[in-house]
**Student:** 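One structure, as structure tokens, below. Some questions next.
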Amino acid sequence: MEFLCYHRDRPGSLALRYELGEAHWAYMDGFEAELIARGPTLAADGETPTGSLHIVDLPDPAAARAFAFDEPTYQAGVYRDVLLRRWRNALGRTMWDFPGGAAEGDGYLVLGFGAGAAADLEVPAGRDDLIAYGPLLADDGVTWLGTALLIVAPGPDEACAVLTRERYDSIEVHRWTFGGRR
């Protein structure tokens, strides 16, 4: 089962985040084979982290909750909240299989939250800028709650243009970059 886990930083926690960097890396090393995508979201300066995204393939919801809430920087209070949702890997690949590679353009995390009939279930045709793409689902793995994607785009407007905007209650766009040990 695939899950999207987005830890959002608590204001004023940057020093603690950096202090616990190695503990975070060591924890994530234990999930290397299960990771589909990972990386920090960034402030407007393109450098200061604002959150931490992980898309991971785990056996069940209990394993996903353990992944999200046993993480050392979560335990220490770096994050203000956590979005943890089932997700379906519509591209069927990891970010490391993205043909554009980590250095091509600006990356964005786009989270579209909706209700009612599902939207944007199919991968948009001709989009070689998509790093990851798929529906956000309720715990039942069926009920559509939105869409989450990672994309290389010139800016936030172009990044969220992939979604059918009128089908969503809200759309968030965050600067994002490829993560992993440097």
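On a predicted model such as this, the values are computed, not experimentally measured, just so you know. All values below come from the heavy atoms of this structure, side chains included, with hydrogens, waters and symmetry mates left out.
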**Student:** When you group the ILVMFWY residues by side-chain heavy-atom contacts below 4.5 Å and let the links chain together, are V162 and F113 in the same group?
**Tutor:**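 No, it is not one cluster - the side chains of F113 and V162 are not joined through contacts under 4.5 Å.
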
**Student:** When rounded to the nearest 0.5 angstrom, what is the spacing between CD1 in I55 and CE in M95?
**Tutor:**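 Result: 9.5 Å between the selected atoms.
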
**Student:** May I ask you to say whether D9 pairs ionically with R80, meaning some side-chain N is under 4.0 Å from a carboxylate O?
**Tutor:**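 Salt bridge flag = no for R80 with D9.
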
**Student:** Answer whether the closest heavy-atom distance between the side chains of P72 and Q75 falls below 4.5 Å.
**Tutor:**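 No - every pair of side-chain heavy atoms lies 4.5 Å or more apart.
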
**Student:** Does this structure show an ion pair linking E32 with R38, if we count only N-O contacts that are shorter than 4.0 Å?
**Tutor:**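 No, E32 and R38 are not salt-bridged.
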
**Student:** If every non-hydrogen atom of A68 is compared with every non-hydrogen atom of C5, which pair is closest and at what distance?
**Tutor:**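 Looking at all heavy atoms of both residues, the shortest contact is CB-SG, 3.6 Å.
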
**Student:** Could you pull out the closest heavy-atom pair between I151 and R127, with the gap in Å?
**Tutor:**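 It is CD1-NH2, 3.6 Å.
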
**Student:** Are a donor atom and an acceptor atom from the side chains of Y108 and T41 found within less than 3.5 Å of each other?
**Tutor:**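 Looking only at side-chain atoms, T41 and Y108 do not form any donor-acceptor pair under 3.5 Å.
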
**Student:** Can you check whether W176 reaches I131 side chain to side chain, under 4.5 Å on heavy atoms?
**Tutor:**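 Counting from C-beta outward, W176 and I131 do come under 4.5 Å.
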
**Student:** Given the rule that I, L, V, M, F, W and Y join up when any side-chain heavy atoms are under 4.5 Å apart, are V173 and L111 in one cluster?
**Tutor:**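 No; tracing contacts between hydrophobic side chains, which count when under 4.5 Å, never links both residues.
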
**Student:** Is the distance from the ring center of H54 to that of F67 below 6.0 Å?
**Tutor:**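 Yes - the distance between ring centres of H54 and F67 falls below the 6.0 Å cut-off.
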
**Student:** Give the cluster check for L150 versus L84: same hydrophobic cluster or not, with ILVMFWY residues linked at side-chain heavy-atom distances below 4.5 Å.
**Tutor:**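 Yes.
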
**Student:** Can you tell if the side chain of R165 reaches within under 4.5 Å of the side chain of I171, non-hydrogen atoms only?
**Tutor:**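 Counting from C-beta outward, R165 and I171 do come under 4.5 Å.
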
**Student:** In the structure I gave you, are the side-chain heavy atoms of I36 and V56 within less than 4.5 Å of one another anywhere?
**Tutor:**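 They are not in side-chain contact.
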
**Student:** Let me confirm one number: the CZ-CH2 distance from F3 to W87, rounded to the nearest 0.5 Å.
**Tutor:**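 These two atoms lie 12.5 Å from each other.
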
**Student:** Hey, does the side chain of D57 reach the backbone of M1 with a donor-acceptor pair shorter than 3.5 angstrom?
**Tutor:**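 Yes; judged by distance alone, with no hydrogens or angles, the pair exists.
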
**Student:** Evaluate the side-chain proximity of H174 to E172: yes if any heavy-atom separation is below 4.5 Å, no if none is.
**Tutor:**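 Counting from C-beta outward, E172 and H174 do come under 4.5 Å.
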
**Student:** Establish, from distance only, whether the side-chain atoms of Y6 and D81 form a donor-acceptor pair under 3.5 Å.
**Tutor:**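 No donor-acceptor contact under 3.5 Å links the two side chains.
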
**Student:** Below 4.5 Å, heavy atoms only, C-beta onward: do F98 and L130 meet side chain to side chain?
**Tutor:**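 Not touching, per the 4.5 Å side-chain cut-off.
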
**Student:** What I want to find out is whether R175 reaches D106 closely enough, with some N-O distance under 4.0 Å, to be called a salt bridge.
**Tutor:**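 Answer for the salt bridge query: yes.
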
**Student:** Might you work through the ring pair (Phe, Tyr, Trp, His ring centres under 6.0 Å) test for Y18 and W25, ending with a clear yes or no?
**Tutor:** CA-CA 11 Å; Y18 287 141; W25 294 112; over 10 Å; no

**Student:** Atom CG in L109, atom CG in L4: separation rounded to 0.5 Å?
**Tutor:**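 These two atoms lie 7.0 Å from each other.
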
**Student:** Is a side-chain N or O of N89 found less than 3.5 angstrom from the main chain of A132, in a donor-acceptor match?
**Tutor:**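 Looks like no, no N/O pair under 3.5 Å.
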
**Student:** Can you confirm whether E34 sits close enough to L58 that some side-chain heavy atom of one is under 4.5 Å from a side-chain heavy atom of the other?
**Tutor:**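 Side chain of E34 against side chain of L58, heavy atoms only: contact under 4.5 Å found.
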
**Student:** Compare every heavy atom of T48 with every heavy atom of D45, then report the nearest pair and how far apart it is.
**Tutor:**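 That closest heavy-atom pairing would be OD2-OG1, 2.6 Å.
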
**Student:** To the nearest 0.5 Å, what is the distance between CG (L149) and CG (L91)?
**Tutor:**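 Result: 9.5 Å between the selected atoms.
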
**Student:** Under a 4.5 Å side-chain heavy-atom rule over Ile, Leu, Val, Met, Phe, Trp and Tyr, are L35 and Y74 clustered together?
**Tutor:**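 Yes, one cluster joins them.
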
**Student:** If you measure only the distance, is there a donor-acceptor pair under 3.5 Å linking the side chains of H7 and E71?
**Tutor:**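 No - no donor-acceptor pair under 3.5 Å links their side chains.
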
**Student:** Is the backbone N or O of T73 less than 3.5 Å from a side-chain atom of R17, with the two atoms forming a donor-acceptor pair by type?
**Tutor:**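 Not a single qualifying donor-acceptor pair exists.
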
**Student:** Counting only N and O atoms by type, is there a donor-acceptor contact under 3.5 Å from the side chain of T164 to the main-chain atoms of E166?
**Tutor:**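 No; judged by distance alone, with no hydrogens or angles, the pair does not exist.
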
**Student:** Measuring from R10:CZ to Y79:OH, what's the distance to the nearest 0.5 Å?
**Tutor:**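 Between atom CZ of R10 and atom OH of Y79 there are 11.5 Å.
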
**Student:** When you compare the side chains of E22 and H24, does any donor N or O come within less than 3.5 Å of an acceptor on the partner?
**Tutor:**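 Result is no, nothing qualifies.
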
**Student:** Have a look at V78 and tell me which of S13, S52, P49 forms a side chain to side chain contact (heavy atoms under 4.5 Å, CB included) with it.
**Tutor:**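 It is S13, the one option of S13, S52, P49 that forms the side chain to side chain contact (heavy atoms under 4.5 Å, CB included) with V78.
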
**Student:** Are W144 and V123 co-members of a hydrophobic cluster defined by side-chain heavy atoms under 4.5 Å apart?
**Tutor:**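 Yes, one cluster joins them.
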
**Student:** Quick one, L137 and R85 - any side-chain contact, counting heavy atoms below 4.5 Å?
**Tutor:**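 Not touching, per the 4.5 Å side-chain cut-off.
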
**Student:** Report the distance from atom CG of L136 to atom CZ of R88, rounding to the nearest 0.5 Å.
**Tutor:**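 If I round to the nearest 0.5 Å, the distance is 11.0 Å.
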
